[in-house]
Amino acid sequence: MTTHLTRRTFLKAAGVAAAAATGPTIFVPTARAKSDTLKIAQWTHFVPAFDEWFDKKYVPEWGARNGVKVTVDHISVNDLRARAAAEVSAKKGHDLFGFLDPPPAYENVVLPMNDAVQECEKKYGKLVNLAQRATYNPKSKQYFALSDNWVPDPLHYRKDAWGEIGMKPDTWEHIREGSKKIKEKNGMPAGFGIAQELDTNMMLRGLLWSYGAQEQDEGSTRPMINSKETVEAIKLMTAIYKESMTAEVFTWDPSSNNRFFVSGKGHIIQNAISAIRTMEKQFPEEAKKAGLMPPAAGPKRRMGSEHLLHCYVVWKFGENPEMAKKFVVDLIGAYNDAFLASEFYNFPSFSKSVSDIKGKLAADKFHPEDYGILADAEKWSAYPGYPGHTTAAIDECFNTFVVPDMFARVAKGEMSAEDSAKQAEADMKRVFAKWIK
Amino acid sequence: MRLLDREGFLGPVMILPAVLYVLALVGVPFCLSLYLALTDAKIASSELSFVGLENFRSALASPTFIKSLGNTFIFTFVSQALVLVLGKVLATCLTKDFVGKSVLRFLILLPWVAPISLGTIGWKWMLDSLYSPVNWVLQALHVVGKNTWPMWFGEKDLAMAAVIAVHVWRLLPFSAVIILAGLTSIPREINEAADVDGAGFWRRELYVVLPLQRPILFVAGLFGIIFAFTDMTVIYVLKRGGPAQATQVLASLAFFTGILGGDLAGGAAISLFLFPVLVVVAVAMLVIARRTEVT
């Protein structure tokens, strides 16, 4: 038997198929019911043990205590911002969204966290200064995010290599001099990223501050990047690059300097402690030769940037805002466990949410003395936008890599330090003009 | 006569889904981009103000934008030239009969059918500064020394060469398949007549095959130009536009500015600079399609 598909039959079938495909979307009611599920999005932690604790212990227990089903979606570090933008655009997504750097541009679409900050400050002590400056908008008097932790950014160095030349990387000049000697002696390069990525953004800001340079004024209203201090800092990094590094520092992503140090190829990087922790697990003998130091001092001060500042926002369009806030407040209350689960990676944003930090650091089984330097990390850590606030303009400059590019142009010999600082200023002015009215 | 049997009714009905599709997925986003580019829209702003051409002026004043514009043309035209030449070579090889031809065809198509991000991540590792298998091979062959490994994404020319190479790898199968279709459509008698007249390989290619293939080569080239001009995946995954914006193109710069930087209007304005080129390419494609139309 043969069948004939006539034009009319085909059109009828196509019409039925189209109706079947679109019907469900047409008839879905637009009103949303409040959900009994709490949906969390946050990064995939560089210390896997933290995600293990968070996903398999803390979250299920919290969910059971509060009668809420909690789902956690981990997103890679490079994709967080794009995912957040997609959720805001669709006005749909997670109830709680964890950022690795504060998102002031999103203030209009998030719930103020002032009440949660107040509650946490009552229970767990003051919000540390750098987290406060980075998540608070003094104009609107709103906390647009609630930070549960921040991450110090110490120097990682090879004690054996530095011991051989009888030096320590205490100042940036020491780093320049020592790196040159080590490269000449055993060929090991230094590793300070000059790439369009997160770690470079942080490390180079620390260098600028230690030279007395700054991105903007204290009132967060105008760029101040073009200064003689900036020029000096650029010249110093260019010298370190030319004398002691290879072009790979232009190729890096956030995990590259970890691999560079852990592999034993390089003798110094500036990074969160995930690098040395990985070394302890993968190459315990080599790890004994590694150590931590505070960021190097410059002519003006000793200062580095926080490596990450983790903070949660609650979207206005979220389905479970109250539970979302409660989750973060309770998480901050559990920071003794979180601090240990992260193997000291996550430092508490509320000063008393972890008891006896010094004692805990000193009890480390691998590098008690080295981790001990982190006890003072807050004193030598700042945040993007220092000494002003982290604003939307600073955020755009951060995410379009104005500072790394300023250094890279000079290190690659494309421009003088003076001209590059001028170009960075012009770039920042364009961005500030768009955001500040 | 029933309504569905009338050509005047049925024609528009049949074309309607395609029109709706283009309107929804191309027309609406394009109009939205135009609208955003003329305002001060930010990623989470609730209020917009009309700012005229300010975003375009701001983009043109940025050295990064100018650099990205130049990179876009280099990336597009160098990669397309390579894709067409190599595609032609590959297609010519595939017209011959040899053992394992079907396996080879399958392998050649893999880069095109595999997700672009996965393939690009593979290349990122192949060209890694620390663990690059490519560099290991070069070292084993004594082409480079242990401490003189090429840093594929560390030098601006090498970085551009690397992103172009990966893009060529990605687009080559598409181009080869189109050209192969063109080659197989050339009547056998024409080739035989050229043989009888004593034409060698090069003379036949230059005076017989290429002229006959010109329309299809144009189509392959123009499609490729659109793919390359609007693509940011290879650039973004491999090096995020670095080093020092040396591989930044307009599509990726628009993404960094609009999505990651939060300046939606600025990002929209940058993306619209692609439009004039794409219009020229689209018009050229329509003209060629019309000329080659069978009537």
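Each chain gets a letter, A, B and so on, in the order its sequence line appears, and its residues count up from 1.
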(request) Would you check if the distance from the ring center of Phe65(B) to the ring center of Phe273(B) is below 6.0 Å? (result) yes

(request) Measure centre to centre between the rings of Phe73(B) and Phe229(B), then say whether the value is under 6.0 Å. (result) yes

When only pairs under 4.5 Å are counted, which of [options] shares the most heavy-atom pairs with chain A?
options                                    : answer
Pro17(B), Ala159(B), Gly242(B)             : Gly242(B)
Trp149(B), Tyr131(B), Tyr236(B), Phe153(B) : Phe153(B)
Ala265(B), Ala246(B), Pro243(B)            : Pro243(B)
Thr64(B), Leu264(B), Asp263(B), Asp40(B)   : Asp263(B)

For a quick check under 3.5 Å, do [X] and [Y] share a side-chain donor-acceptor pair by atom type?
X         : Y         : answer
Ser255(A) : Asp253(A) : yes
Thr400(A) : Glu396(A) : no
Ser179(A) : Glu243(A) : no

(message) Does Lys156(B) have more than 12 heavy atoms from other residues, nucleotides or ligands lying within 6.0 Å of its NZ?
(response) no

(request) Check whether more than 12 heavy atoms from other residues, nucleotides or ligands sit under 6.0 Å from atom NZ of Lys422(A), and answer yes or no. (result) no

May I ask you to name which of [options] has the most heavy-atom pairs under 4.5 Å with chain B?
options                                   : answer
Phe401(A), Phe260(A), Phe407(A)           : Phe401(A)
Lys265(A), Arg430(A), Glu414(A)           : Arg430(A)
Glu197(A), Arg259(A), Arg81(A), Arg409(A) : Arg259(A)
Ala393(A), Ala84(A), Ser263(A), Ala195(A) : Ser263(A)

(request) Answer yes or no on whether Lys92(A) is positioned over the face of Phe317(A), meaning its NZ or CZ is under 6.0 Å from the six-membered ring centre and within 45° of the axis. (result) no

(message) So for Glu54(B), is it side chain, backbone, both, or neither that comes closer than 4.5 Å to the heavy atoms of chain A?
(response) neither

(request) Pick one of side chain, backbone, both or neither for Ala61(B), based on which atoms fall under 4.5 Å of a heavy atom in chain A. (result) both

Side chain, backbone, both or neither: which part of [X] has a heavy atom under 4.5 Å from chain B?
X         : value
Thr246(A) : side chain
Gln196(A) : both
Lys434(A) : both

(message) Salt bridge or not between Glu87(A) and Arg83(A)? Use side-chain N to carboxylate O under 4.0 Å.
(response) yes

